[in-house]
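Let me begin by presenting the structure, written as structure tokens, before commenting on it.
Not measured: the values here are computed from a predicted model.
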Amino acid sequence: FTVIDPDEGFLACGTTGKGRLGSIDLIEEIILDAIYALEKERDLAGKTVLITAGPTEEPIDPVRSITNKSSGKMGYALARVARRRGATVHLVSGPVKIDVPQGVAFYPVSTALEMQAQVEKLYRDADVTIMAAAVADYRVKEIAKEKIKKDSETLTLELIKNPDILASLGEHKNGFLVGFAAETENLTENALSKLKKKNLDMIVANNVAVEGSGFGSDTNIVTIVTENESLELAKMSKDSLADIIIDHIIKNGGTE
């Protein structure tokens, strides 16, 4: 049995202290954790999984930035499921509006350069690395020190390329490396090309233009691509998909 202690806060008797019902999210996670212990037998026990999630934000000036529509939901689902299956999980996340999963080591970052630095610190000790973050391809060359005033009809920004974190990891391969590809056309072909070019073991590709598969959705529709296999999956919740992705990592020798 598991005892969930009460939370502290304002109580019905009018005082503040320990006695409130524990959070529903915590109760749900403890129940799911117990179910996974029975059904999955902790098949990631003793393994370290590094996961990136969310967008990055590239500042323009002190109040503005360039970002993208990534919600972080897929990466956070992977972190939850990997921990339930017994892994030590390190989650490197850009700015999102999601609660940090229970029991994971959390590293908040903002820019692509910050994400790169944190990932490189953790990568060498990871058995599996899953790069689910939507990292900005470009950043502003010169960040304005003061807020840019709206003085003219147009504004020109010079952008420079951000480092390709995933490709860099592929060049210095360690453990099992998984990438994500958000596409709008030629899904499988583009994913396979990215798999080979970046020296990945597996890539998860989705067409973000398809309803139920785009950024911010609670569901996803993906194709899992390895060198020898291309598996199209139906629409499902991101937590369910996270389980299938991890199943395929194990199937392809990712935890050996």
Just so I know, are the side chains of [X] and [Y] near enough to count as touching, which here means a heavy-atom distance under 4.5 Å?
X	Y	value
Asp201	Thr226	no
Ile250	Leu44	yes
Val109	Ser93	no
Asp164	Lys198	yes
Ile143	Ile60	no
Ile4	Leu26	yes
Val92	Met115	yes
Leu113	Pro163	yes

Within a 6.0 Å radius of atom [atom1] on [X], are there more than 12 heavy atoms belonging to other residues, nucleotides or ligands?
X	atom1	value
Lys173	NZ	yes
Tyr138	OH	no
Glu189	CD	yes

Looking just at side-chain N and O atoms, do Thr56 and Glu58 make a donor-acceptor pair shorter than 3.5 Å? yes
Residue pair Tyr36, Asp243: steps toward the side-chain hydrogen bond (donor to acceptor under 3.5 Å, both in side chains) verdict: CA-CA 11 Å; Tyr36 270 72; Asp243 256 323; 2.4 Å; yes
Using atom types as modelled and distance alone, determine if a side-chain donor or acceptor of [X] lies under 3.5 Å from a backbone N or O of [Y].
X	Y	result
Lys235	Ile221	no
Asn252	Gly254	no
Asp61	Ile148	yes
Arg139	Leu159	no
Glu120	Ala117	no
Lys194	Phe180	yes

Given side-chain contact (heavy atoms from CB on, under 4.5 Å), test Glu8 with Arg20 step by step and report yes or no. CA-CA 6 Å; Glu8 292 191 11; Arg20 296 174 60 87; over 6 Å; no
Does the pair Asp218/Lys73 count as a salt bridge with the N-to-O cut at 4.0 Å? yes
Under 4.0 Å between a side-chain nitrogen and a carboxylate oxygen: does that hold for Asp43 and Arg85? yes
To the nearest 0.5 Å, how far apart are [atom1] in [X] and [atom2] in [Y]?
X	Y	atom1	atom2	answer
Leu157	Ile66	CG	CD1	6.0 Å
Thr223	Leu231	OG1	CG	7.5 Å
Met131	Ile165	CE	CD1	5.0 Å
Asp127	Asn174	CG	CG	8.0 Å
Leu241	Leu78	CG	CG	7.0 Å
Leu192	Ser230	CG	OG	8.0 Å

For a quick test of reading the model, state the closest non-hydrogen atom pair linking [X] to [Y] and the distance between them.
X	Y	value
Pro55	Ser70	CD-O, 3.4 Å
Ala87	Val49	CB-CG2, 3.7 Å
Ile224	Ile244	CD1-CG2, 4.1 Å
Gly75	Ile51	O-CG2, 3.6 Å
Ala205	Leu187	CB-CD1, 3.7 Å
Val81	Ala242	CG2-CB, 3.8 Å

Establish whether [X] and [Y] are linked, either directly or via other cluster members, by ILVMFWY side-chain heavy-atom contacts under 4.5 Å.
X	Y	result
Leu200	Val222	no
Leu195	Leu177	yes
Val128	Met74	yes
Val104	Val96	yes
Met236	Ile130	yes

Verdict with supporting geometry, Arg83 and Asp33, salt bridge (charged side-chain N to carboxylate O under 4.0 Å, His left out): CA-CA 9 Å; Arg83 191 208 61 79; Asp33 192 60; 3.2 Å; yes
Which is it for Thr219 and Ser217 under the side-chain hydrogen bond (donor to acceptor under 3.5 Å, both in side chains) test, yes or no, and what are the steps along the way? CA-CA 5 Å; Thr219 60; Ser217 174; 3.0 Å; yes
Would Phe176 and Thr129 satisfy side-chain contact (heavy atoms from CB on, under 4.5 Å), going step by step from the backbone distance to the final call? CA-CA 6 Å; Phe176 195 88; Thr129 299; over 6 Å; no
With side-chain contact (heavy atoms from CB on, under 4.5 Å) as the test, would you mind laying out the steps for Asp25 and Asp99 before giving the verdict? CA-CA 9 Å; Asp25 287 344; Asp99 291 336; 3.7 Å; yes
Can you list the steps and then say if Lys251 with Glu229 is a salt bridge (charged side-chain N to carboxylate O under 4.0 Å, His left out)? CA-CA 12 Å; Lys251 172 187 171 183; Glu229 180 184 26; 3.4 Å; yes
Which pairs with one or both residues in residues 62-90 pass ring-ring contact (aromatic ring centres under 6.0 Å, His included), sequence neighbours excluded? His90-Tyr107
Could you go step by step and tell me if Asp239 and Arg80 meet the salt bridge (charged side-chain N to carboxylate O under 4.0 Å, His left out) rule? CA-CA 8 Å; Asp239 275 57; Arg80 284 193 298 271; 2.6 Å; yes
After noting the C-alpha distance and the side-chain angles of Arg84 and Glu29, does the key distance pass the salt bridge (charged side-chain N to carboxylate O under 4.0 Å, His left out) rule? CA-CA 9 Å; Arg84 290 171 192 161; Glu29 189 59 34; 2.8 Å; yes
Could you walk me through whether Val119 and Leu169 pass side-chain contact (heavy atoms from CB on, under 4.5 Å), step by step? CA-CA 9 Å; Val119 166; Leu169 298 183; 3.9 Å; yes
